[in-house]
Amino acid sequence: MAHRYRTLLLGTITFSIFLLIWQLVIMFSPTVFLKDAGPIDSILALVKLATKGDVEGISLFDHTVASVLRVLAGFSAACLTAIPLGILMGLRSEIYEGAKPVLEPLRFIPPIAWIPLAILLLLGFSRYVFLIWLGAFFPILVNTIVGIKAVKPTLIEVAKVFGAKKRQIVSKIVVPSSLPEVVAGMRIGLGIGWMCIVAAEMIAPEVTGLGKLILKSAQLFQIDVVIAGMIVIGILGLIMNETFLIFERRMFKWRREIRV
Amino acid sequence: MNENVNVKVSIKNVSKAFSKLQVIDNISFDVVEGQFVCIVGPSGCGKTTFLKMVAGLEAPSSGSILVDGFPPNPKNRNIGFVFQEESLLPWRNVYENIRFGLEIRSNKNRKSDSIIEEMIKLVGLNGFEKYYPNQISGGMNKRVAIARALAVDPSILLMDEPFGDLDAQTRWIMHKELKSIHEKLKKTIIFVTHNVEEAVYLGDLVLVFSKRPIKIREVIPIELSEPRDKLSEQFIKYREMAIGLLREELVGI
């Protein structure tokens, strides 16, 4: 319990110092644009955004829902494609080896580099789904492959000794044993997807989305609104990550170590 | 003919080679139903390979292995195997681990619950059903592995240095319990170890394997009154005899 209070106290101190530095930067900044963008101004802007909406009257809620829905759609698409493919590639290394010359170079193209092409080729919602899918796909795929390949050979022999069929070995040994890796990959994929969405929304023409909100506000020099939007983006990302971590701890309590 | 009825495992002229490496060189022996056979041999000589062949996980290069008169095949014969390394499924609790073999055998009927209960009682794990492998001790892990192997009512129980990584005290307790399980269930057991004392304490018969390629160096029937006393003169005599044979093998390495 003492440890808990200590952590809480330390956290409060760090956070206060952060707010102080923020305020100091605003006060001593030579730029005139920043003068209304202190912590208190930003919180007020956040309240105003939530209650009255932005300059165009679009509420914070609408912006948030638009971004979250796009991310969830793209993320789901990534899970539905990357997990089965990862299982297949983890089980059959010839498929993985065969796909490598295509997958590996693609993996290192940042999703953001795809934005111009996505704008030219796709429209509306599908464009975002595609970009989020790109961002989330590879971490999930790679983690699934790693998880499948890391199955302890002894456990497979245990199943074989009981006369297990190939299908049973996959469903009762390989998949459950790789699940922690898969879920960790999903968490990383969701995080990357969340980063991509903000960038994609800034460039695409749609009027909703948190990325669009902060870009639009910056163009109008409403720095307090920009920061308010950034706060929302940060908090939502944090919530998604924490939700996954709680889920992982619950589900995989049989694991000795939980990585962050 | 009458003698044949009792033969549970028959090993005839079995050899095994991995490409050019000869691991097992023409060994033959029979295991009688209900017998507890211990195999000792130098570390790394191929004892595990031998046991996997009896389980049907590996095929001999030549010769024949018969379990109940048929070549071993886990798909149509119940075989119990206790592995040397940790082999419990870490995402399943004790109860679910013991159920694993029954699930594979699709014996998931009402009877399976009572079988699992019985196994838990047999290995003394009452109250630990809901625990995960990482929450219980190494000795308990081994008990679960034994219970899991026995739950399918195997026709033979194969054990590959199962107590190798336990501390001396826990191993001592496990020896006593395995012995009483054998008395209760009368299973045919082939138990591989490099620990001579363990072999003499447990086995009705101790086979001393040579260094690679494996030949049978000696067959020692153990005739000791039960319960065996590790400090008795006769026990020590058997032990020293087996150690002497093993040492001769080790000198050559």
Side-chain angles (χ1 to χ4, degrees), chain A residues 79 83-84 86-87 90-91 140 143-187 244-260, chain B residues 48-49 51-58 72-94 96-108 130-136 141 144-145 148-160 162:
Chain A
C79 291
I83 295 171
I87 293 175
L91 290 174
I140 302 175
N143 262 45
T144 306
I145 294 173
V146 169
I148 299 269
K149 284 194 184 281
V151 176
K152 262 177 74 183
T154 314
L155 301 186
I156 292 175
E157 286 201 316
V158 167
K160 279 188 179 162
V161 150
F162 287 122
K165 298 179 193 77
K166 184 98 200 184
R167 183 176 50 77
Q168 286 173 311
I169 293 174
V170 172
S171 69
K172 287 186 186 284
I173 303 283
V174 177
V175 169
S177 129
S178 61
L179 220 50
E181 293 289 342
V182 176
V183 175
M186 286 166 70
R187 176 163 47 79
F244 253 90
L245 279 176
I246 291 168
F247 173 69
E248 281 174 62
R249 276 189 209 116
R250 278 265 167 86
M251 242 188 110
F252 308 130
K253 60 169 183 270
W254 49 268
R255 275 198 129 192
R256 252 167 263 242
E257 81 298 325
I258 289 287
R259 293 152 309 144
V260 180
Chain B
T48 299
T49 307
L51 215 54
K52 283 183 179 167
M53 292 198 302
V54 180
L57 291 176
E58 301 247 8
N73 176 0
K75 287 227 161 73
N76 48 36
R77 186 152 305 275
N78 288 351
I79 286 165
F81 202 112
V82 180
F83 290 83
Q84 183 176 5
E85 57 271 58
E86 278 182 37
S87 69
L88 298 185
L89 313 184
W91 57 90
R92 284 173 174 241
N93 63 29
V94 167
E96 292 160 343
N97 259 293
I98 298 174
R99 195 177 61 199
F100 182 69
L102 296 166
E103 278 174 36
I104 296 289
R105 293 248 152 234
S106 39
N107 282 348
K108 240 206 286 182
K130 293 260 156 64
Y131 284 69
Y132 285 88
N134 69 358
Q135 297 173 308
I136 57 177
N141 267 271
V144 179
R148 178 177 64 184
L150 289 171
V152 294
D153 190 22
S155 59
I156 47 168
L157 180 61
L158 307 173
M159 307 181 84
D160 183 15

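Protein chains get the first letters and strands the later ones, always in sequence-line order, with residue 1 at the start of each.
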* Are the charged groups of E85(B) and K152(A) less than 4.0 angstrom apart, N to O? ->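 Salt bridge flag = no for K152(A) with E85(B).
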* To do: Could you tell me which portion of F83(B) (side chain, backbone, both or neither) has an atom closer than 4.5 angstrom to a non-hydrogen atom of chain A?
  =>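 Interface part for F83(B): side chain.
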* Contact class of L158(B) relative to chain A, heavy atoms under 4.5 angstrom ->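 Contact with chain A involves no heavy atom of L158(B) at all.
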* Is the shortest heavy-atom distance from the side chain of V152(B) to the side chain of I104(B) under 4.5 Å? ->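 V152(B) does not reach I104(B) side chain to side chain.
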* Asked: Can you tell which of Q135(B), K52(B), R92(B) has the highest number of heavy-atom pairs within less than 4.5 Å of chain A?
  ->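 Going by pairs under 4.5 Å, I would pick K52(B).
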* Which atoms of L179(A) approach chain B - backbone, side chain, both or neither, heavy atom under 4.5 Å ->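 No part of it gets close to chain B.
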* Does atom OH of Y131(B) have more than 12 heavy-atom neighbours from other groups under 6.0 Å away? ->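 For Y131(B), atom OH is not crowded (no more than 12 foreign heavy atoms under 6.0 Å).
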* Under 3.5 Å donor-acceptor, E103(B) side chain and F100(B) backbone ->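 It does not hold such a pair.
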